[in-house]
Amino acid sequence: MTKMDLESVRQFILTDEEIKEYFLSLVGKENSGQSARGAGESQDRISVQKAPPDIELEKIVKLAEAENAVLRKELRAAQEQAAALERECGRLREAASQAEDEKNAAVERLAVFEPIRSAMEIYRSLDEKSKAATKNVFRTTSPDGFISCGAQKDSLANLWDYGRTLATYGSEDCLKIDQLFGYFVSLYNLNFEQPIYTLIEPQAGDRFDEDIHVCMMRGKRISVVSGVLLRGYRINGKTVNKALVK
């Protein structure tokens, strides 16, 4: 601080009553033990208190400057840390955006194989007896072999026949065979410009129709379909097997 600044501070302190009282109290504490002295001496002390020594004022100013320097240093450090954190946040946002794009691209690629994966999961969920009974359809369970074996005309007929056997004995696995049959029909039809196979797909609540439905409820006649056990199919528009319903 320049001499002009120091003088300005001194004048300000001497003219401001609250600040002057504060410095008077500091000096008063130092002289509190001498209150029993003569009135003339006390009056001299008061006159001294009204004008604090320059050295005390300079000390206060230096302390304030030192504290200010420390605070400025801390502020700069905090600002630098904030800037570094902001850069790191920007980098992380960019990395997150890139990861999201890569994930979406991977999901799109995997979606192509989802029907295959789902069909193989259905096959794996069959009980051991059903797997053994379909050995003539699925000679290998590798993904390529699974597709190649299932999407053949003879395989479709064998698969549907086994589904009918399961439905006759009330096995829930007939519903899984129905899903596999529908999947392989869609694959088989890809070989032709026009679909060769069309599924007969009744819905619960449909009126029972003997031309396209077979009731699997032994000894009962139904007028309304309550459920589908195995979809039927047509080849080139001709009904080959009716849908099995209850």
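- Checked by atom type and distance alone, the side chain of T140 never pairs as donor or acceptor with a backbone atom of G145 at under 3.5 Å.
- Remark: side-chain polar atoms of N158 are paired, donor with acceptor, to backbone N or O of D154 under 3.5 angstrom.
- Under a hydrophobic clustering in which Ile, Leu, Val, Met, Phe, Trp and Tyr are joined whenever their side-chain heavy atoms come within less than 4.5 Å, directly or via other members, I200 and V214 fall into different clusters.
- Using a distance-only test at 3.5 Å, with no hydrogens or angles considered, no donor-acceptor pair links the side chain of S171 to the main chain of A167.
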Please test Y183 against S118 for side chain to side chain donor-acceptor pair (under 3.5 Å), starting from the C-alpha separation and ending with a verdict.
CA-CA 10 Å; Y183 171 67; S118 179; over 6 Å; no
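- Y169 and L126 are members of different hydrophobic clusters when ILVMFWY side chains are connected at heavy-atom separations under 4.5 Å.
- The backbone N or O of S226 lies less than 3.5 Å from no partner atom in the side chain of K246, so there is not a single donor-acceptor pair.
- Side-chain atoms of N191 come within 3.5 Å of backbone N or O of Y188 as a donor-acceptor pair.
- Contact between S155 and C149 at its shortest, heavy atoms only, is OG-O, 2.6 Å.
- Although no hydrogens or angles enter the test, the distance criterion places no donor-acceptor pair under 3.5 Å between the side chain of T239 and the main chain of N241.
- Aromatic ring orientation, Y233 versus F181: tilted (interplanar angle from 30° to 60°).
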Apply the test side chain to side chain contact (heavy atoms under 4.5 Å, CB included) to residues D209 and I212: give CA-CA distance (whole Å), side-chain angles for both, the deciding distance (0.1 Å), then the verdict.
CA-CA 6 Å; D209 185 347; I212 57 174; 3.9 Å; yes
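- Going from atom NZ of K220 over to atom CZ of R218 covers 13.0 Å, rounded to the nearest 0.5 Å.
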Tell me, with the steps shown, if F184 and F146 meet ring-ring contact (aromatic ring centres under 6.0 Å, His included).
CA-CA 10 Å; F184 286 115; F146 181 75; 5.3 Å; yes
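- Between the side chains of T198 and R234, not a single donor N or O lies within less than 3.5 Å of an accepting N or O.
- When L244, I222, V245 are each tested for a side chain to side chain contact (heavy atoms under 4.5 Å, CB included) with M216, only one passes: L244.
- Smallest separation of non-hydrogen atoms from S125 and I122: OG-O, 2.6 Å.
- Heavy-atom neighbours of E67 CD from other residues, nucleotides or ligands within 6.0 Å: at or below the threshold of 12.
- A distance of 11.5 Å separates NZ in K135 from CZ in R139, rounded to the nearest 0.5 Å.
- Here the CG-OG1 distance, from D173 to T165, works out to 12.5 Å after rounding to the nearest 0.5 Å.
- With a 6.0 Å radius and a threshold of 12 heavy atoms from other residues, nucleotides or ligands, E94 has its CD atom at or below the threshold.
- Between the S148 side chain and the D144 main chain, no donor and acceptor come within less than 3.5 Å of each other.
- The CD atom of Q179 lies 10.5 Å from the SG atom of C174; values are rounded to the nearest 0.5 Å.
- Rounded to the nearest 0.5 Å, atoms CG (D161) and CG (N136) are 9.5 Å apart.
- Closest heavy-atom contact between R91 and E88: NH2-OE2, 2.6 Å.
- Using a 4.5 Å cut-off between side-chain heavy atoms of Ile, Leu, Val, Met, Phe, Trp and Tyr, with links allowed through other members, V228 and Y162 fall into different hydrophobic clusters.
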Verdict with reasoning, L230 to W160, per side chain to side chain contact (heavy atoms under 4.5 Å, CB included)
CA-CA 8 Å; L230 183 63; W160 195 93; 3.4 Å; yes
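- Nearest approach of L229 to L175, heavy atoms of both residues: O-CD2, 3.7 Å.
- Atom CD of Q81 has 12 or fewer neighbouring heavy atoms from other residues, nucleotides or ligands inside a 6.0 Å radius.
- Between C215 and R221 there is no side-chain heavy-atom pair separated by less than 4.5 Å.
- Nearest approach of R231 to E201, heavy atoms of both residues: NH1-OE1, 3.0 Å.
- Between the side chain of K176 and the backbone N or O of Y123 there is no donor-acceptor pair closer than 3.5 Å.
- The two atoms that bring I177 and G163 nearest to each other are CG2-CA, 3.7 Å, heavy atoms only.
- With hydrogens and angles ignored, the 3.5 Å screen pairs a side-chain donor or acceptor of N189 with a backbone N or O of I196.
- Cluster membership for I116 and L190, using ILVMFWY side-chain heavy atoms within less than 4.5 angstrom, is shared.
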Test K62 against E65 for salt bridge (charged side-chain N to carboxylate O under 4.0 Å, His left out), laying out the working first.
CA-CA 5 Å; K62 289 181 178 179; E65 288 179 336; over 6 Å; no
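- Put simply, CG on D127 and CG on L166 are 8.0 Å apart, with the number rounded to the nearest 0.5 Å.
- Linking Ile, Leu, Val, Met, Phe, Trp and Tyr residues whenever their side-chain heavy atoms come within less than 4.5 Å places V240 and F192 in a single cluster.
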